[in-house]
Structure formats: structure tokens, C-alpha cells
Amino acid sequence: MFKVINPGVLTTVQDLGRHGYQKYGMPVSGAADPYAHRMANILVSNHQNEATLEITLMGLQLEVLNPGVIAFTGGDLTPTINNERIEMWRSITVKKGDMIRLKGGPSGCRVYLAVHGALMFPKYSAANQQIQ
């Protein structure tokens, strides 16, 4: 759905973590702000544990390749579409060619970006160093 123009300071793919493995020394991990993660997914009609982009501080720039519905939650890092400020914590329709940017902002340090229908990523195998 997106072409990454600039990944920003630190952008990661997050879900709500791995539960049930703590007895083996594995932390739950997942989104730093589970509430904002869940709400982003709810705003785009996804299951609450679907992957989101967890964007830290500023710099993320994406080009929309396919139309869809997105939502930004978490801290206010001044999200814009085509250089127009957009509201946080609501569903936003985007179209092909739109440019999404997070410039950094007045509150918080992490934003969650959810996409209706879920984010999909290729699997990477360290054993054969290929993306499947």
C-alpha cells in the first residue's frame, strides 16, 4: 500500500506481543502503547492485534500506492497528507499518490499507523537470506 520515501528516526512493525512464553524467559514485547495500537486498529475496522507501524519522533514519509483507510493514534507528531495537517484518532481516506509525512510535534514520541485490511510484510528467512 505504501512506498517508503523516508523511514524516519525509528519505525517498526508492532503487534500486541507474544503471550504465554514468559516462563521460558521471553518477554511479551509488542507495542510500547498497547492502547493507542488497539485504537488505531479499531478505527480502521481491523482486529486489535493486527500489525501497525510504530513511528518514533519524526521523519516518516510514505507515498500511497493504493487507496484505503488509515488512522494515526498515539502522540501528536504532526501527521500531514499532501502537506495538509490531518487529525489524529480518526479514520482517514487516502488515495493513490498521496504523500504522508510525520514532522514531529508537540506531544508524545510514538505514533501508530494502522491500515484497513492489515499491513502485510514478506517473510524473511535468516537461514537462506531470502525474502519469501
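Since the structure is predicted, the reported quantities are computational estimates derived from the model, not experimental observations.
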State plainly whether one hydrophobic cluster holds both Val115 and Ile92, where clusters connect Ile, Leu, Val, Met, Phe, Trp and Tyr through side-chain heavy atoms under 4.5 angstrom apart.
yes
Linking I/L/V/M/F/W/Y whenever any side-chain heavy atoms sit under 4.5 Å apart, do Leu10 and Ile5 land together?
no
Examine distances only and state if a side-chain atom of His116 and a backbone atom of Val69 form a donor-acceptor pair shorter than 3.5 Å.
no
Can you check whether Leu43's main-chain N or O pairs, donor with acceptor, with Ser91's side chain at less than 3.5 Å?
yes
Go through His37 and Thr52 one step at a time and tell me if the side chain to side chain donor-acceptor pair (under 3.5 Å) criterion holds.
CA-CA 7 Å; His37 170 88; Thr52 62; 2.9 Å; yes
Start with the C-alpha distance between Lys103 and Asp76, add both sets of side-chain angles, then the distance that settles salt bridge (charged side-chain N to carboxylate O under 4.0 Å, His left out), and finish with yes or no.
CA-CA 10 Å; Lys103 299 178 179 183; Asp76 185 358; over 6 Å; no
Do the non-hydrogen side-chain atoms of Lys96 and Leu65 ever get within less than 4.5 Å of each other?
no
When you compare the side chain of Asn41 with that of Arg38, does any pair of heavy atoms fall below 4.5 Å?
no
I would like to know whether Met1 and Val94 meet side-chain contact (heavy atoms from CB on, under 4.5 Å); could you show each step before the answer?
CA-CA 10 Å; Met1 170 157 192; Val94 292; 3.7 Å; yes
What's the shortest heavy-atom distance between [X] and [Y], and which atoms?
X	Y	answer
Pro79	Met88	CG-SD, 3.5 Å
Ile70	Leu113	CB-CD1, 3.8 Å
Ala40	Thr73	CB-OG1, 3.4 Å
Gln22	His19	NE2-CA, 4.1 Å
Val111	Gly75	CG2-O, 2.9 Å
Leu77	Ile55	CD1-O, 3.9 Å

Applying side chain to side chain contact (heavy atoms under 4.5 Å, CB included), can you list everything that pairs with Asn82, at least two apart in sequence or on another chain?
Lys95, Asp98, Met99
Any side-chain hydrogen bond (donor to acceptor under 3.5 Å, both in side chains) involving residues 53-68? Give me the pairs, sequence neighbours left out, ordered by first then second residue.
Glu54-Tyr112
Which pairs would a plain distance check flag for residues 23-35, meaning a side-chain donor or acceptor within less than 3.5 Å of a matching protein atom at least two apart in sequence or in another chain?
residue: Asp33; atom: OD1; partner: Tyr35; partner atom: N; Å: 3.3
residue: Asp33; atom: OD1; partner: Ala36; partner atom: N; Å: 3.1

More than 12 heavy atoms from other groups under 6.0 Å of CZ on Arg18
no
Check the pair Ile100, Phe72 against side-chain contact (heavy atoms from CB on, under 4.5 Å), reporting the backbone distance first and the verdict last.
CA-CA 11 Å; Ile100 298 170; Phe72 287 101; 3.6 Å; yes
Is it the case that Arg101 and Asn83 place a side-chain donor and acceptor less than 3.5 Å from each other?
yes
By the definition side-chain contact (heavy atoms from CB on, under 4.5 Å), identify the one residue from Leu53, Leu60, Thr78 that meets it with Leu102.
Leu60
Does the pair Leu62 and Val4 meet the rule for a side-chain contact (heavy atoms from CB on, under 4.5 Å), with working shown?
CA-CA 5 Å; Leu62 304 171; Val4 178; 3.9 Å; yes
Stepwise side-chain contact (heavy atoms from CB on, under 4.5 Å) check, Val64 with Phe2:
CA-CA 5 Å; Val64 177; Phe2 301 117; 4.0 Å; yes
